[in-house]
Amino acid sequence: MYYGVAYYPEHWPEERWAVDAKLMQEAGVNGVRMGEFAWSALEPREGEYRFDWLDRAVELLADHGIKTIMCTCSRTPPPWVFAKYPEIRNTAADRLTSNYGHRYTVCHSSPVFRELSQRIDRAVVEHYADNENVIAWHTDNEIGAGNTCYCDVCRGEFHKYLREKYGSVENLNERWGAHFWSFALSDFAEAPLPVGVATANPSLALEYSRFVSKCNAEFARWPYELMKKLSPDKWVTTNFQTERTDHTDIFEMGEWTDVYGTNFYPPMGTELALDYCRGSRGKLLILEQRSGQPHWSEATKPGWMRLWAWRSVAHGACGLNFFRWRPCLWGQEEYWHAVLPHSGRPGRRYEELKRMGEELKQIGEAIEATRPPARVAMVMSYESRWALKAVLTEPRMDVLSEARRCHDALMQQNVCLDAMDPREDLSRYALVIAPRLYCVDDRVSDNLQRFVEGGGVLCLTARSGAVDEYNKIFSQPSPGPLRDMAGIEIDEYGALPEPLLLCNEGGEFEGNLKQAELWADEIIVTGARPVATYAEGWLAGTPAVTVNEFGRGKVVYVGTVLTGETLEAFLEWLCRLADVASVLDVPPGVRAFERRGDRQRFLFLLNFSEASQSVALDENWRDAFTREPATPIEISPLDVRVLAREE
Ligand code: GAL
């Protein structure tokens with residue numbers, strides 16, 4: 001299994017490199033990621049390339065058994081680029097243009113920037129294509145972050161995009177709904193950018209998000225094609241920002257990578273990021289796994305770094321790269337802590353790196369041949385996020401908050417799930433949860449319908465199926481094209497200023513559904529049966545949660561927001577309805593994950609509590625390292641036990 005660190009030899013005197021390489025080797029590190037911000041060191045003046053230092057670093061590390069993931073460095077053009085080609089600057093919403101000495105400073109539509117970035121990318125790729133110590137490529141860094149641009153070039157490109165998509169302005173006006181506040185275009189060139197006004201037209205805002213995402217994905221395409229052409233044996237990855245940011249549809253950009261990679265900085269980074277990045281593909285690469293604490297935040301306590309890293313493995317990681325080897329002594333990230341402290345002396349995090357390195361040497365390869373066996377899919381679309389963001393005034397109702405609430409609760413119940421785009425093949429899942437699937441096109445509704453007809457259980461939440469792909473509200477009652485499947489119709493809805501008590505219809509829930517929050521759809525059942533109704537207020541007796549039989553499957557609709565123990569009780573019921581079991585019953589503070597392969601299964605028991613814990617298991621599980629039968633399992637505080645069994 002790939003086990004590495006982000007390394008920046010350009011930040012340290014060359015005499016130190018050998019010390020670093022030796023320490024890394026002793027810790028079991030077999031890879032480094034290098035070069036992603038090194039443009040000024042690789043091309044200090046236009047056309048003057050200096051690879052000698054990086055060549056020496058690659059070689060020295062290889063002498064210590066450490067291979068390189070080489071990054072392209074287009075993320076940070078040096079000052080000479082800005083001085084000579086100022087037109088590459090990113091223009092923010094407030095029309096301020098960016099400068100060098102930072103990152104996220106360029107415009108991806110700028111033909112000049114594209115040419116410059118392709119030139120430096122080509123230099124890097126050509127230089128290392130045949131180097132056997134470079135095993136993979138990493139395109140740029142967090143592609144799309146901070147790149148949303150509002151310059152005139154982007155506007156021109158946006159007009160081209162609209163023309164290609166809509167064909168005629170009449171068609172666009174029809175799709176977007178013309179004449180509200182006199183917004184009817186007579187030419188594509190009149191389309192404004194969604195900026196400089198209190199609220200932009202929702203259709204325009206959605207389309208601009210799609211356009212920006214497309215530009216970012218397109219930006220990843222050129223280097224990918226070059227890398228594949230010049231070095232077909234090396235795989236390509238990049239560090240997506242996943243669920244936290246929504247500038248780029250990662251599934252669109254994923255086409256230009258071989259392995260989906262992500263950054264992961266718990267507790268800031270949520271586990272949803274891992275399941276989203278792994279998705280239905282079964283594997284992911286953590287390109288930046290947290291080591292030291294970010295800036296002035298809480299220290300990484302002893303045990304956390306290794307425990308969090310094992311949790312990433314349990315979620316399906318096929319490789320880990322800690323960020324970073326040693327913190328810089330200068331620059332904007334001088335307080336972003338690392339495996340080593342500023343002094344470079346190996347300390348407690350180095351010991352954790354080493355311990356895990358030894359563990360992965362023993363069982364990493366076998367783990368790599370397995371994947372989390374999810375029977376639950378969470379579908380979350382970028383289009384829904386963009387469409388809703390354009391109109392939302394209640395942040396807690398956004399797509400991501402709803403997804404995180406459900407995901408967190410399922411994680412606490414040790415339910416394994418894959419998160420993905422709603423157009424993906426769902427046939428292998430028993431349960432699909434679609435948090436706030438606001439924007440629904442034919443492909444999405446057909447896909448969900450196929451899934452339910454085939455016997456699956458689908459869970460929709462409030463304001464699902466509200467708008468079409470142009471962000472225009474459906475003229476049919478909600479949930480628009482999903483209403484027949486759901487067996488309900490909704491015309492009226494609104495925010496709940498105070499939580500309302502619920503009562504369970506038919507006593508299906510073992511734990512009670514207690515209260516509804518934030519929102520209430522006034523559900524009219526047209527075929528569904530209520531499973532919970534409001535118990536008080538003017539909504540008393542109105543269904544809050546329903547279930548409908550459709551085809552061979554069922555659709556559950558939640559017309560409100562459930563949180564805390566109400567949500568937990570609901571999700572337990574939902575999993576029972578879909579016949580989905582959790583990995584294992586474990587004491588509070590312990591988490592259980594499973595990975596399965598053709599020959600072997602692994603069970604990961606992670607103790608996040610500060611007390612020792614004990615878990616009873618059947619005798620087929622053996623300690624993955626010693627192969628001794630192990631039941632009950634004792635887990636020390638902040639420790640992990642890995643068990644294995646033959647399939
Ligand atoms: C990541 C980024 C890294 C580094 C890190 C810590 O998002 O990819 O380059 O900046 O955050 O800030």
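Numbers here simply count residues along the sequence, with the first being 1. Just so you know, ligand 1 is whichever comes first in the structure, and atom 1 is the first atom listed for that ligand.
- Distances below 4.0 Å separate heavy atoms of Phe323 from the following atoms of ligand 1: 3 (C), 4 (C), 5 (C), 6 (C).
- The Phe37 neighbourhood of ligand 1 comprises atoms 9 (O), with distances under 4.0 Å to a heavy atom of that residue.
- By the 4.0 Å heavy-atom criterion, Arg103 is counted among the residues contacting ligand 1.
- For atom 8 (O) of ligand 1, the closest heavy atom belonging to the protein is Glu288 OE2, 2.8 Å.
- Both the sub-6.0 Å distance and the 45° axial angle are not jointly satisfied by Arg89 relative to the ring of Phe82.
- In this structure, Glu333 pairs ionically with Arg324, as a charged nitrogen and a carboxylate oxygen lie closer than 4.0 Å.
- The protein non-hydrogen atom at the shortest distance from atom 7 (O) of ligand 1 is Glu142 OE2, 2.2 Å.
- Interatomic distance, CZ of Arg33 versus OH of Tyr2, reported as 8.5 Å (0.5 Å rounding).
- Residue-to-ligand polar distances place Asn141 within reach of ligand 1: an N/O pair is separated by less than 3.5 Å.
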Subject >> Residues Glu218, Arg221; criterion salt bridge (Lys or Arg N to Asp or Glu O under 4.0 Å); working and verdict >> reply: CA-CA 5 Å; Glu218 190 59 23; Arg221 183 162 72 95; 2.5 Å; yes

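- The protein heavy atom nearest to atom 5 (C) of ligand 1 is Tyr265 OH, 3.4 Å.
- Which parts of ligand 1 touch Asn239 is read off a 4.0 Å heavy-atom cut-off, strictly below it: atoms 8 (O).
- Distance CZ/Arg349 to OG/Ser291: 6.0 Å, rounded to 0.5 Å.
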Subject >> Steps toward side-chain hydrogen bond (donor to acceptor under 3.5 Å, both in side chains) verdict (Glu36, Thr72) >> reply: CA-CA 6 Å; Glu36 80 267 29; Thr72 55; over 6 Å; no

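- If you take OG1 on Thr139 and OH on Tyr224, they are separated by 9.5 Å, rounding to the nearest 0.5 Å.
- Distances below 4.0 Å separate heavy atoms of Asn263 from the following atoms of ligand 1: 1 (C), 7 (O), 8 (O).
- Atoms of ligand 1 found under 4.0 Å from any heavy atom of Trp336, numbered from 1 in the order shown, are 6 (C), 12 (O).
- Side-chain contact check for Asn414 versus Phe593: every heavy-atom pair is 4.5 Å or farther apart.
- Protein heavy atom in closest approach to atom 12 (O) of ligand 1: Glu333 OE2, 2.6 Å.
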